[in-house]
Amino acid sequence: MAPVVVLWLAMCLGGTWAVDKGNFKTCDQSAFCKRQRALKPGESPYRALLETMELTNTRLTLQLINDNNKVRLLLELYRLQGNITRVKINELKPLKPRYEVPDVLIREPPTEPLSLLSQDENGVVLSLGAESQRVIVSARPFRLDIMEGREVLMSLNSRGLLAFEHLRMRKDTQADPEAEKKEEADPANQAEAENVDEEKVEDGMWEETFKSHTDSKPNGPSAVSLDFSLPGVEHVYGIPEHADTLRLKTTDNGDPYRLYNLDVFQYELYNPMALYGAVPVMLAHNTQRTTGIFWLNAAETWVDISSNTAGKTVFGKMLDYVQGSSETPQTDVRWISESGIIDVFIMLGPKPKDVFSQYASLTGTQSFPPLTSLGYHQCRWNYNDQEDVKSVDAGFDEHDIPYDFIWLDIEHTDGKRYFTWDTHKFATPKEMLQGLMDKKRKMVAIVDPHIKVDSNYKIHNEIRSRGFYIKNKDGGDYEGWCWPGSAGYPDFTRIDMRDWWASMFAYDQYEGSMENLYTWNDMNEPSVFNGPEVTMHKDAMHGAWEHRDLHNTYGFYVQMATAEGLIKRSGGVERPFVLTRAFFAGSQRYGAVWTGDNAAEWDHLKISIPMCLSLGLVGISFCGADVGGFFKSPSTELLVRWYQTGAYQPFFRAHAHLDTPRREPWLFGPENTALIREAVRQRYTLLPYWYQQFYQAHRTGQPVMRPLWVEYPQDPATFTLDDEFLIGKDLLVHPVTEEGARGVTAYLPGKDEVWFDVHTFQRHNGAQNLYIPVTMSSIPVFQRGGSIIPRKLRVRRSSTCMEHDPYTLFVALNSQRKAEGELYIDDGHTFNYEKEEFIHRRLSFANNILSSLNLAPDAKFTTQSWIERIVILGASKPSKITLKAADGQESQVEFEFDASMSVLTLRKPGMNSGADWTVTLQ
């Protein structure tokens, strides 16, 4: 085995469980971050040249000049549909094109008209249309303020930290004479040329060394930076992925938050280090408004956050009449990226759901997953062979625990050659898959993007012959070390490469695959064991672009190509399921993510909640953490509590490291097996509700798992809560995440709300901290009064086995004795819902009448499922109950009433789930 891989395995297996921070840069060790952070606020050299302003119906353009070096920039400002403002800043005449991120936006965002309100020598005022919103562009120094009425919503460059390192010729080496002639011949560059020579050349501008790795930096310094001020804001969220609290912390006394996709070996908690994915989106919230900033840049990025007061910020003359000296809270944010341009989308809300819709209009919504993928997934590194898979599968049946997917990690392949099977351990994969299919279960197999360099390996030979590998700086195929040893890395930024990769998932190409085999993309940051920071050299080449320009999108492209492959293999009929470790803005369109290589520690269980909440806020709803922890071995208490938590998170998968003892759910004694079984069964009863929430996320961009402040935006008590969460708007979950806990305190929001314990049906008022005694069987979950939630209580061995089973409706009445909800049903696995092949019904209870109304009268779908039970919480005892069917026929319904808990249960009302009906309580 290759020596680097041996060393890496020794690290992984040798019991050294903590991250080696020395493998990863701090801001001080990242030359561009250090340079930019050294800039002092209030000394902006940039001035707007108002005489260059051009205003069309769709955009404003304006030149900016750096008075220190006379380099000109081009500002473009757009008003976009849906209350979004886009600001782009690039060099006016760059030496060569600068990278602009493609493929992340789902379309060129549609614009709305801008109009000029006023102009003088100090700046211009533009109308943004609705709600008296306007943009004020101040000239000296350049500054941009977005206002509504007399309120400043956001300011750009108010601290004077805009920086744009222009591309330039290196003066101490032999330059390209043709490029020099062209540069000198352009009069616009003459003034610039006189000043550029005088600019200080700092360490790391033209070459940078970290540990044993040298970055050649052929394009020299190219960083961009811009600061944003948010008056009235104390709470900001987002910019995943970090193992940190939901509310982002200030970074004044430490490193900025880093966005740079990295394979971090057992990450530390509560720090701003980069992890596997990067979504450059931040949300700001106060009781009045929610806004968002989407910084569309795929290079290494650092984000500084400081807290100030609005009165300490010096406003321009045009704003003096608006903002006096005050002690209003203020948050200042600064984005710093290594290359590319400034391309920022300012989402103006005003409500949380508006920001979600605005972001979804730019990058798309969460893909609508197959229903089965919302069930339970059983995984470890590695199930040894087909007999092992068969044994584990049988164990779930023997212990009456449902599951949908069993997973195979890297050891299932022939020598880490992806798209292959170990011919001894997995000699007949179709037989194995058929055995699972007979039980209506599925499998996921790993396909990583590092390709073993081996002339006897078809995939490698094809990629090499087609020229699809990423190149090194000298033009040869880039090679690094990963699980197979020496590996090449396909250039997934190329559409022809992605098309070819997708074609490899065809059943006649991926030998041994069947329709119940799905895919896991790991190590796609990309992970390079012998590379700088365990990733790819920044001077590697993707065609004309350096890897530094697009690093954070590599995993996004891998998942995109894989998802497309799973769609194409079915002729475009079946929805894919693809799990990815690395991600970027827009990754929500292609599948699920998980929080990577966590550890069997209580703090890692706790951190899974804010990590998934942060991802949901930026569009990625399909998130989960390795149940039980990947590294180390959990205590039985921790394992049980993790199952109880994971059962209420969107992606529910247990996973474990190669070096850990086996931990299938039945290996910890009958009592713990029963506790785990109950947690998993709770997940399966709620699958109709989970599926409905993912349908809504797919349609609207609203997160599935969401912080309480999203639904209670005016309640400051919710703003920092990250040990409890909502699923949709109607289920509140406060998992038990403390060792030895005998009770938890859950905040139940909403002064006019009532909440019902879903296990005991006990009623509680909102706007209170409720102490809940807990035992090992407790999972505190509450249903909001005023909601109707469908469940399936007949739990079978997999979700597919439950397809035609009946529903139970849980109707939780609010203080006005009303409730409403929805029921969504389709075939669970194809794209036919796009052809209106589904059932979508509104369920409502008012005036003692419960009814089902068709929300999609043009839709075409039928179901065998019927309503077998209705449970009404907070009810009064009726004298009789009458069911009126769609054909007008009436019948009496049997019922039971528990006066001690005010719970009314209607038994076997018997109507079809897709039909019109009313139930009247008399």
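Predicted model, so just to flag it, every value in this text is computed and none were measured.
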TODO: Check F584, F228, F345 against F294 for a ring-ring contact (aromatic ring centres under 6.0 Å, His included) and give me the one that passes.
DONE: F345
- [ ] Walk me through it: do F838 and Y824 pass the test ring pair (Phe, Tyr, Trp, His ring centres under 6.0 Å)?
- [x] CA-CA 7 Å; F838 58 79; Y824 177 84; 5.5 Å; yes
TODO: Measure from the side-chain N and O atoms of Q588 to the backbone N and O of A585, and report whether any donor-acceptor pair falls under 3.5 Å.
DONE: no
Task: S229 and S158 side chains, donor-acceptor separation under 3.5 Å - done: yes
Task: Heavy-atom check, side chain of I346 versus side chain of I146, under 4.5 Å - done: yes
TODO: Can you measure from CG (L248) to NE2 (H242) and round to the nearest 0.5 angstrom?
DONE: 8.5 Å
Task: Q783 side-chain N/O to F810 backbone N/O, donor-acceptor pair under 3.5 Å - done: yes
Task: Polar side-chain atom of T251 near backbone of D304 as donor-acceptor pair, under 3.5 Å - done: no
TODO: Test F368 against every option in Y691, F622, F694 by the ring-ring contact (aromatic ring centres under 6.0 Å, His included) rule and name the one that passes.
DONE: Y691
Task: Plane angle bin for H840 and Y695 - parallel if under 30°, tilted between 30 and 60°, otherwise perpendicular - done: perpendicular
TODO: Supply the atom-to-atom distance F719 CZ to D715 CG, rounded to the nearest 0.5 angstrom.
DONE: 7.0 Å
Task: Basic-acidic side-chain contact under 4.0 Å: D730, R784 - done: yes
Open item on the list: With a 3.5 Å distance limit and no angle check, can you tell me whether N552 reaches the backbone of A278 through a side-chain donor-acceptor pair?
Closed with: no
Open item on the list: Consider side-chain contact (heavy atoms from CB on, under 4.5 Å). Of L617, L283, V279, which one does Y359 pass it with?
Closed with: V279
TODO: Indicate yes or no for a side-chain donor-acceptor contact from S367 to the backbone of P369 under 3.5 Å, with no hydrogens or angles considered.
DONE: no
Open item on the list: I'd like to know if the side chain of R247 reaches the main chain of E234, judged simply by a donor and an acceptor atom lying under 3.5 Å from each other, with no hydrogens or angles considered.
Closed with: yes
Task: Polar side chain donor-acceptor pair, Y257 to D244, under 3.5 angstrom - done: yes
Task: Nearest-0.5 Å distance that lies between atom CD in Q366 and atom OG1 in T700 - done: 11.5 Å
- [ ] State whether the side chain of R841 and the backbone N or O of S852 hold a donor-acceptor pair below 3.5 Å, judged by distance alone.
- [x] yes
Task: Pair E822, Q696: side-chain N/O donor-acceptor within cut-off below 3.5 Å - done: yes
Task: Qualifying residue for side-chain contact (heavy atoms from CB on, under 4.5 Å) with V744, from I772, T737, L770, D723 - done: I772
Task: Residues S307 and T250: side-chain donor-acceptor under 3.5 angstrom - done: no
Task: Salt-bridge contact R334-D332 (side-chain N to carboxylate O under 4.0 Å) - done: no
Open item on the list: Checking E112 against Y78: is there a side-chain donor and acceptor pair closer than 3.5 Å?
Closed with: no
Task: Side-chain ion pair, R289 and E151, N-O less than 4.0 Å - done: no
- [ ] Find the distance between CZ (R706) and NZ (K729) and round it off to the nearest 0.5 Å.
- [x] 7.5 Å
TODO: Output the distance between atom OG1 (T290) and atom NE2 (H235), rounded to the nearest 0.5 Å.
DONE: 12.0 Å
Open item on the list: Between T111 and R79, is there a side-chain donor-acceptor contact under 3.5 Å, judged purely by atom types and distance?
Closed with: no
Open item on the list: Side chains of Q649 and S608 only: does a donor on one sit below 3.5 Å from an acceptor on the other?
Closed with: yes
TODO: Would you check if the side chain of R763 reaches a backbone N or O of M901 as a donor-acceptor pair within less than 3.5 Å?
DONE: no
TODO: Taking N814 for its side chain and K818 for its backbone only, find out whether a donor-acceptor pair lies under 3.5 Å.
DONE: yes
Open item on the list: Checking T745 against N769: is there a side-chain donor and acceptor pair closer than 3.5 Å?
Closed with: no
Open item on the list: So, taking the atom named CG in N765 and the one named NZ in K751, what distance separates them when rounded to the nearest 0.5 Å?
Closed with: 12.5 Å
Task: Side chains of D722 and T245, donor plus acceptor under 3.5 Å - done: no
Open item on the list: Checking W709 against Y237 for the ring pair (Phe, Tyr, Trp, His ring centres under 6.0 Å) test, could you report, in this order, the C-alpha distance in whole Å, the side-chain angles of both residues, the deciding distance, and whether it holds?
Closed with: CA-CA 11 Å; W709 65 259; Y237 311 89; 4.7 Å; yes
Task: Donor-acceptor contact below 3.5 Å, side chain Q358 vs main chain G82 - done: yes
TODO: Measure the acute angle between the ring planes of W335 and W295, then classify it against the limits of 30° and 60° as parallel, tilted or perpendicular.
DONE: parallel
